Trainee: 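Below you will find the structure I want to go over with you.
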Amino acid sequence: MLWKFSHRAQALKSSTIREILKVTEHSDVISFAGGLPAPDAFPIAEIQAAVNTVLASKDIYDALQYGPTEGYAPLRQWIANYLSTRDQIAISADEILIVTGSQQALDLIGKALINVKDKVLVETPTYLGALQSFNQFNPEYVAISSDENGLIPESIDDKLASSAKFLYSIPNFQNPTGRRLSLERRQALAAKAKQNDLVLIEDDPYGDLDYQGQRLPGLYTLAPENTVYLGSFSKILTPGLRLGYVVANKQFIGKLVQLKQASDLHTPSLTQYIAYQIISKNNFLNHHIPKIRQLYSTRCQYMLDSLAQYMPKEVSWNQPEGGMFIWVELPESINATELLSEAISRKVVFVPGETFFAHAEKNNCLRLAFVTVPEEKIDCGIKILAEIINHHIHQPQEKIVMV
């Protein structure tokens, strides 16, 4: 049978990260590849209790039935109350859509906004999953200059801002770099968006993972009419529930609801009921999130210490204040993608940086994820990586003999 795939399907490529993760199925592999939350941070007991409560409640038939596309009403109201209190901004439940993970939100946003060759502004580098999702709709990416403080608003002139369909950004502890956009740049970006009617897509799966618990104002609090905010329960509960949410004005939410109806009707009711049962009791997140921050902070510092101990002086990396990633830059003569196969042969895995660039600008970078790796394995894995990198830096060049 010869399948006649659509042009869109033919253009799709497998996720580099997902392909790499197949290697990590072996127990002896030290994986710095997957951006996975730490299993030892999952609230197992609370999940089990919530499942039992939902299954024994009078609402069990509703939890097992089809539900509204917008999502379980008490969960949407809880999110509205939580964000309104946390960020000191008025949000109603009508401005919230529950989605099947924030990855679905990216898909719906692409369907809602992108026409072929529309300009889409992205950070340099940016989240691979967003590029994969938006690629379906054939946009024209414009990579926005970035540095250690995130994207540089001044690199977006008024002509570009007014002609772009939207800007996609992860302001908090960005995937892949772990950078956080500074307050001054958030304010400048919000002002530019309001001045030029630029839509901001603010993806925020890591915002609660600030090691010091000190959030910066979100873009949606600085430019609420211009911003579509994406939140997720994957990093603060468990990704297995596949629960995310979108916050935007009612007109945009209404369009996403129509698109979601054509996609999966609604996010699974049972997981919504379970999540609500967990988070609505005894200020659960106020107690649980600090535990995650402490665990991740400890592992981050351990990796930073190992990098400082083993890596050659020609290698540099950032110092994240939160999140799950460290961004490493190698000498320009070293291709991180080519380095990967050698690392795999020594049972260490990472993600090459070039996969996160819209236009493949750099191939001498790599992303290290640290939260799922025990400390003794962090030390061992970084030592092995350093040995491989050091060999490539100092290996003798072949001499050219003139005849």
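Residues: numbered from 1 along the sequence shown. Predicted model only: the values in this text are computed from it and were never measured.
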Trainee: Relative to the ring of Phe357, is the ring of Trp327 parallel (under 30°), tilted (30 to 60°) or perpendicular (over 60°)?
Mentor: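 Judged by the thresholds at 30° and 60°, the geometry between Trp327 and Phe357 is tilted.
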Trainee: Do Tyr82 and Ser280 make a side-chain contact, defined as non-hydrogen atoms from C-beta onward lying under 4.5 Å apart?
Mentor: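 No, every pair of side-chain atoms sits at 4.5 Å or beyond.
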Trainee: Could you tell me whether the side chains of Gln294 and Thr298 share a donor-acceptor contact shorter than 3.5 Å?
Mentor: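 Result is yes, a qualifying pair exists.
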Trainee: Apply salt bridge (Lys or Arg N to Asp or Glu O under 4.0 Å) to residues Lys111 and Asp107 and explain how you reach the verdict.
Mentor: CA-CA 6 Å; Lys111 290 175 179 176; Asp107 177 66; 3.1 Å; yes
Trainee: Testing the basics here: between Gly34 and Ser31, what is the closest heavy-atom pair and its distance to 0.1 Å?
Mentor: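 Smallest interatomic distance, heavy atoms only, reads N-OG, 4.0 Å.
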Trainee: Is the shortest distance from a Lys or Arg side-chain nitrogen in Asp264 or Lys260 to a carboxylate oxygen in the other one below 4.0 Å?
Mentor: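 Yes, this pair counts.
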Trainee: Measure across Gly67 and His266 and return the closest heavy-atom pair with its distance rounded to 0.1 Å.
Mentor: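 For Gly67 versus His266, the nearest heavy atoms are N-NE2, 3.1 Å.
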Trainee: Does a salt bridge link Lys281 with Glu46, judged by any charged N lying under 4.0 Å from a carboxylate O?
Mentor: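 Looking at Glu46 together with Lys281, the answer is no, because their closest N to O distance does not fall below 4.0 Å.
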Trainee: Side chains of Gln103 and Tyr127: is there a donor and an acceptor less than 3.5 Å apart?
Mentor: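 Note: Gln103 and Tyr127 side chains meet the donor-acceptor criterion.
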Trainee: At their closest point, which heavy atom of Val373 faces which heavy atom of Ile30, and how far apart are they?
Mentor: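 For Val373 and Ile30, the tightest heavy-atom pair comes out as CG1-CG2, 4.2 Å.
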Trainee: Going by distance alone, is a donor N or O of one side chain under 3.5 Å from an acceptor N or O of the other, for His394 and Asn390?
Mentor: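 Asn390 and His394 do have a side-chain donor-acceptor pair below 3.5 Å.
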Trainee: Would you tell me whether Tyr220 and Asp87 have side-chain atoms, one donor and one acceptor, within less than 3.5 Å of each other?
Mentor: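 Result is yes, a qualifying pair exists.
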Trainee: Test Gln48 against Asn52 for side-chain hydrogen bond (donor to acceptor under 3.5 Å, both in side chains), laying out the working first.
Mentor: CA-CA 6 Å; Gln48 184 174 26; Asn52 293 337; 5.7 Å; no
Trainee: Is there a donor-acceptor pair under 3.5 Å between the side chain of Asn226 and the backbone N or O of Leu200?
Mentor: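 No; zero donor-acceptor contacts below 3.5 Å.
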Trainee: Is any side-chain heavy atom of Pro217 closer than 4.5 Å to a side-chain heavy atom of Leu183?
Mentor: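 The answer is yes, as the side chains (C-beta and beyond) meet within the 4.5 Å cut-off.
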Trainee: Rounded to the nearest 0.5 Å, how far apart are CD1 of Ile334 and SG of Cys365?
Mentor: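 Nearest 0.5 Å value for the CD1-SG distance: 11.5 Å.
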Trainee: By side chain to side chain donor-acceptor pair (under 3.5 Å), which residues pair with Tyr141, not counting sequence neighbours?
Mentor: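 Per chain and number, Tyr141 pairs via side chain to side chain donor-acceptor pair (under 3.5 Å) with Asn135.
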Trainee: Given Asp208, which of Arg293, Lys235, Arg215 fulfils the side chain to side chain donor-acceptor pair (under 3.5 Å) condition?
Mentor: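 With Asp208 as partner, side chain to side chain donor-acceptor pair (under 3.5 Å) holds for just one option, Arg215.
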Trainee: Between the side chains of Gln77 and Asn81, does any donor sit under 3.5 Å from an acceptor?
Mentor: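 Their side chains do contain a donor-acceptor pair, which is all the 3.5 Å distance test asks for.
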Trainee: Does Tyr296 reach the main-chain N or O of Ala38 with its side chain, forming a donor-acceptor pair under 3.5 Å?
Mentor: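 Yes, Tyr296 side chain to Ala38 backbone: donor-acceptor pair under 3.5 Å.
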Trainee: Any sub-3.5 Å donor-acceptor pair from Asp147's side-chain atoms to Ile152's backbone N or O?
Mentor: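 Checking the backbone N and O of Ile152 against the side chain of Asp147, no donor-acceptor pair under 3.5 Å is found.
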Trainee: Taking side chain to side chain donor-acceptor pair (under 3.5 Å) as the test, write out the residues that go with Tyr245, two or more places apart.
Mentor: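 Listed in chain order: nothing, the list is empty.
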Trainee: Does Arg179 reach the main-chain N or O of Gln174 with its side chain, forming a donor-acceptor pair under 3.5 Å?
Mentor: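 Not at all, since once roles are kept as given, no pair shorter than 3.5 Å links the two residues.
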Trainee: Examine distances only and state if a side-chain atom of Ser146 and a backbone atom of Ile144 form a donor-acceptor pair shorter than 3.5 Å.
Mentor: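 Yes, the answer is positive, given that a donor and an acceptor are paired below the 3.5 Å cut-off.
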Trainee: Of Glu354, Glu332, Glu329, which meets salt bridge (Lys or Arg N to Asp or Glu O under 4.0 Å) against Lys362?
Mentor: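 For Lys362, the salt bridge (Lys or Arg N to Asp or Glu O under 4.0 Å) check succeeds only for Glu329.
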Trainee: How far does CD1 of Ile389 sit from CD of Glu342, to the nearest 0.5 angstrom?
Mentor: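 Here the rounded value is 10.0 Å.
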Trainee: Report yes if the side chains of Glu184 and Asn149 come closer than 4.5 Å at any heavy-atom pair, otherwise no.
Mentor: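 Heavy-atom side-chain distance check fails, nothing below 4.5 Å.
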Trainee: Ignoring hydrogens and geometry, is there a side-chain-to-backbone donor-acceptor pair from Gln104 to Gly101 under 3.5 Å?
Mentor: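 Answer holds: no.
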Trainee: Using only heavy-atom distances, determine whether the side chains of Tyr168 and Asp203 contain a donor-acceptor pair under 3.5 Å.
Mentor: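 Short answer, yes.
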Trainee: Show, in sequence, the C-alpha distance, side-chain angles and deciding distance for Phe325 and Phe356, and conclude whether the ring pair (Phe, Tyr, Trp, His ring centres under 6.0 Å) test is met.
Mentor: CA-CA 13 Å; Phe325 309 109; Phe356 298 102; 8.1 Å; no
Trainee: I'd like to know whether Glu123 forms a side-chain hydrogen bond (donor to acceptor under 3.5 Å, both in side chains) with Ser169, so could you lay out the CA-CA distance, the side-chain angles of the two residues, the decisive distance to 0.1 Å, and finally the verdict.
Mentor: CA-CA 6 Å; Glu123 298 168 303; Ser169 174; 3.2 Å; yes
Trainee: When rounded to the nearest 0.5 angstrom, what distance separates OH in Tyr206 from OG in Ser234?
Mentor: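 OG of Ser234 is found 9.5 Å from OH of Tyr206.
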Trainee: With sequence neighbours left out, what residues match Asn363 under side chain to side chain donor-acceptor pair (under 3.5 Å)?
Mentor: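 Result, side chain to side chain donor-acceptor pair (under 3.5 Å) vs Asn363: none returned.
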Trainee: Heavy atoms only: give me the nearest Ile79-Ile96 pair and the separation to one decimal.
Mentor: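 Closest approach of Ile79 to Ile96: CG2-CD1, 3.7 Å.
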